[in-house]
Amino acid sequence: MDKNFLWGGATAANQCEGAYNAGGKGLSVADVEMGGAKGKPREIHDCVHPGCYYPSHEAIDFYHHYKEDIRLFAEMGFKCYRMSIAWTRIFPNGDDPEPNEAGLQFYDDVFDELHKYGIEPVVTLHHYEMPLHLVQQYGAWRSRKLVDLAVRYAKVVFERYKHKVKYWITFNEINAIVISPRPWHQAGIIYREDENPGDVKLQAAHHQLLASALTVQAGHAINPDFKIGCMLIYHLSYPKTCRPEDQVVNREKMLPQFYFGDVQVRGYYSNTCKRYQEMTGGHFTMEPGDEEILRKGTVDFISFSYYFSSVASIEPMTELVGNVAKGGRNPYLDITEWGWQIDPVGLRTTLNQLYDRYQKPLFIVENGMGARDTVEPDGSIHDPYRIEYLRRHITALKQAVEVDHVDLMGYCPWGCIDLVSAGTGEMEKRYGFIYVDKNNRGEGTLARSRKDSFFWYKKVIALNGEDLSG
Ligand code: BGP
């Protein structure tokens with residue numbers, strides 16, 4: 001791999017920071033979402049109810065443990081660390097007249113700590129959270145008002161960190177807003193009975209696409225060296241059979257990826273986008289000047305998450321459900337305990353599909369396998385399943401780079417330290433190299449310990465991916 005390849009790991013503020021009301025932070029949509037369980041939707045409240053367990057309130061308390069956690073990332077040899085800024089630490093309500101200095105200072109401290117070890121921050125501005133106040137006051141991303149507020153937030157952090165952060169991502173998994181049946185994390189939206197979900201999702205998506213394009217323009221004006229990317233949930237789907245109609249159904253299933261990619265990379269709603277708009281049966285409003293905003297706000301790189309694949313068919317099928325996307329069972333693949341189909345070859349296919357279509361640098365900013373871990377009596381944690389999953393995916397990405405000549409900037413496995421699951425709110429669905437002592441009821445000492453995969457990934461990074469053996 002290239003000597004500048006960005007090996008690292010990824011987290012998100014609401015899933016790891018905790019300290020939900022410290023340092024002047026406001027309530028976010030994640031802070032009123034209860035803990036759930038496998039297969040059950042998380043309950044959402046309109047405010048914090050005493051006595052209820054909300055996993056984001058403490059999470060793994062990265063807010064108070066960041067020095068210890070970053071020291072462990074450095075020990076593994078991370079070149080970069082993908083994290084997000086909580087909008088509610090900077091603007092507690094989203095529309096406050098002034099930013100919150102304590103929140104800004106917290107991220108200054110985190111970035112300084114990362115630079116102490118030569119770790120490059122990769123920062124997402126919107127990772128599945130927004131101020132709850134904006135939901136209650138304006139109807140969340142249904143409203144165009146959010147565009148201005150999001151761009152103002154972006155400008156404040158760009159100005160503040162322009163010498164500390166080079167790599168930025170606008171919206172995490174932006175296409176999840178149209179895939180998810182309840183885009184609460186993504187856009188603060190639960191569809192009302194009196195509205196057409198097709199209209200709402202296209203309008204909210206348009207607002208986020210405008211905000212992303214204006215954010216890119218503002219960032220490049222503040223620091224021309226910034227590299228600002230989009231982020232897609234890439235849900236690879238195969239036609240179930242070679243029946244031509246299965247190919248047509250499959251192509252249509254994959255349109256949500258390209259709907260956002262085409263706008264953010266090419267700068268306009270393509271024929272693919274128009275087909276997808278028709279399929280949703282929705283309508284949305286574009287204002288004069290919007291096309292120019294989209295054209296001028298194209299991204300520098302494409303980042304994406306890749307966890308599993310599925311199949312599509314014209315015939316009815318049994319479907320497996322992930323945290324956002326769902327799709328048909330593939331008999332050639334194994335599944336995780338949470339029903340996610342393990343497909344490393346699909347990662348190579350994904351990298352080729354995206355690079356063929358867009359010819360822009362790619363960045364894998366999420367990949368991994370949620371699993372239960374057992375702590376042995378001597379404190380060790382043996383996680384060969386995680387090592388095997390990651391080994392096979394790194395093998396696939398190396399083939400894409402070395403055999404297929406795909407331009408790949410880096411690799412950040414998800415949840416490099418155990419954290420709260422976005423889909424279920426569980427702690428015991430673990431992705432980390434670093435174990436955190438906390439269970440699904442919120443009990444535990446929060447002590448950190450190294451799993452076997454910690455030592456394995458450390459060696460992978462040290463040898464720049466040349467040796468993936470255990
Ligand atoms: C992605 C989200 C992440 C993360 C990951 C794993 O969709 O961007 O925030 O949570 O999925 O999903 P889960 O936490 O549901 O296992």
Side-chain angles (χ1 to χ4, degrees), residues 12-14 20-21 24-33 42 44-49 54 56 84-100 103 124-158 170-178 180-218 260 263 280 282-290 293-294 297:
N14 81 84
Y20 83 106
N21 58 3
K25 182 182 173 298
L27 278 186
S28 83
V29 292
D31 296 329
V32 291
E33 205 172 20
R42 297 174 67 182
I44 296 167
H45 296 160
D46 52 4
C47 61
V48 171
H49 293 192
Y54 301 96
S56 73
S84 69
I85 293 181
W87 188 350
T88 47
R89 287 204 192 280
I90 311 303
F91 288 102
N93 295 296
D95 59 358
D96 318 70
E98 297 298 329
N100 171 35
T124 311
L125 291 169
H126 303 272
H127 192 130
Y128 282 3
E129 68 184 319
M130 61 182 293
L132 186 63
H133 172 75
L134 298 184
V135 177
Q136 293 165 343
Q137 182 71 24
Y138 305 103
W141 282 97
R142 290 178 182 90
S143 165
R144 192 167 173 118
K145 173 83 178 161
L146 273 279
V147 177
D148 296 341
L149 294 171
V151 174
R152 189 175 68 129
Y153 153 60
K155 285 182 179 166
V156 165
V157 299
F158 284 160
T170 56
F171 288 85
N172 180 64
E173 295 188 337
I174 188 167
N175 51 323
I177 191 176
V178 299
S180 169
R182 188 185 68 168
W184 177 250
H185 308 286
Q186 295 84 4
I189 290 171
I190 298 173
Y191 297 119
R192 297 189 305 256
E193 280 185 7
D194 64 341
E195 63 189 4
N196 174 6
D199 294 346
V200 177
K201 68 171 76 161
L202 293 185
Q203 191 68 64
H206 182 60
H207 291 153
Q208 291 197 347
L209 287 166
L210 286 174
S212 176
L214 288 165
T215 296
V216 172
Q217 292 176 46
F260 291 85
V263 177
T280 64
H283 297 93
F284 70 103
T285 307
M286 281 197 38
E287 293 191 0
D290 284 1
I293 292 171
L294 298 178

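Annotation: side chain to side chain contact (heavy atoms under 4.5 Å, CB included) contacts of D199 (sequence neighbours excluded): N196, H283. A search for side chain to side chain donor-acceptor pair (under 3.5 Å) contacts involving T124 returns R82, not counting sequence neighbours. Evaluation of the side chain to side chain contact (heavy atoms under 4.5 Å, CB included) rule for D46 yields H49, Q136 as partners, not counting sequence neighbours. With sequence neighbours left out, K25 forms a salt bridge (charged side-chain N to carboxylate O under 4.0 Å, His left out) with D31. With sequence neighbours excluded, the residues forming a ring-ring contact (aromatic ring centres under 6.0 Å, His included) with Y20 are H57, listed by chain and number. For F91, the ring-ring contact (aromatic ring centres under 6.0 Å, His included) test picks out no residue, with sequence neighbours left out. The side chain to side chain donor-acceptor pair (under 3.5 Å) test applied to T215 returns no partner, not counting sequence neighbours. Shown here are the side chain to side chain donor-acceptor pair (under 3.5 Å) partners of H45, two or more places apart in sequence or in another chain: E43, Y54. Shown here are the side chain to side chain donor-acceptor pair (under 3.5 Å) partners of N175, two or more places apart in sequence or in another chain: there are none. Residues passing the ring-ring contact (aromatic ring centres under 6.0 Å, His included) test with Y191: none are found, sequence neighbours excluded. Partners of H207 by ring-ring contact (aromatic ring centres under 6.0 Å, His included), not counting sequence neighbours: none found.
A perpendicular orientation is assigned to the rings of Y138 and H133, their planes being inclined by more than 60° (bins at 30° and 60°).
Remark: L294 CG to L210 CG distance equals 5.5 Å, nearest 0.5 Å. Rounding to the nearest 0.5 Å gives a distance of 6.0 Å between CZ of R182 and CD1 of I190. Note that the CG atom of N93 and the CG atom of N100 stand 10.5 Å from one another [nearest 0.5 Å]. Of the inter-residue distances, the one linking Y128 atom OH with N172 atom CG reads 5.5 Å to the nearest 0.5 angstrom. To the nearest 0.5 Å, atoms CG (L202) and OG1 (T280) are separated by 4.0 Å. The CE atom of M130 sits 13.0 Å away from the CG atom of L27 when rounded to the nearest 0.5 Å.
Using a 4.5 Å heavy-atom threshold, the side chains of V135 and W141 count as separate. At least one side-chain heavy atom of R42 sits less than 4.5 Å from a side-chain heavy atom of H185. Side chains of L134 and W87 form a contact here, defined as non-hydrogen atoms less than 4.5 Å apart.
Across V147, L214, L209, a single residue satisfies side-chain contact (heavy atoms from CB on, under 4.5 Å) together with I293, and that is L214.
In this structure, the side chain of N14 engages the main chain of H127 through a donor-acceptor pair within 3.5 Å. Between the Q208 side chain and the Q186 main chain, a donor and an acceptor come within less than 3.5 Å of each other. In this structure, S28 contributes its side chain and P131 its backbone to no donor-acceptor pair below 3.5 Å.
A140 and A187 make their closest contact through CB-O, 3.0 Å (heavy atoms, listed as atom of the first residue, atom of the second, distance). Closest approach of A30 to S56, counting heavy atoms only: O-OG, 3.3 Å. Considering all non-hydrogen atoms of both residues, P92 and I90 come closest at CD-O, 3.7 Å. Between V178 and A205, the shortest heavy-atom distance links the atoms CG1-CB, 4.4 Å. Closest approach of A150 and A211 over heavy atoms only: CB-CB, 4.3 Å. I177 and I174 get closest at one heavy-atom pair: CG2-O, 3.1 Å.
Ring pair Y153/H126: centre-to-centre distance below 6.0 Å.
Sorted by first then second residue, the salt bridge (Lys or Arg N to Asp or Glu O under 4.0 Å) pairs that include residues 124-146, not counting sequence neighbours, are R142-E195, R144-E287, R144-D290.
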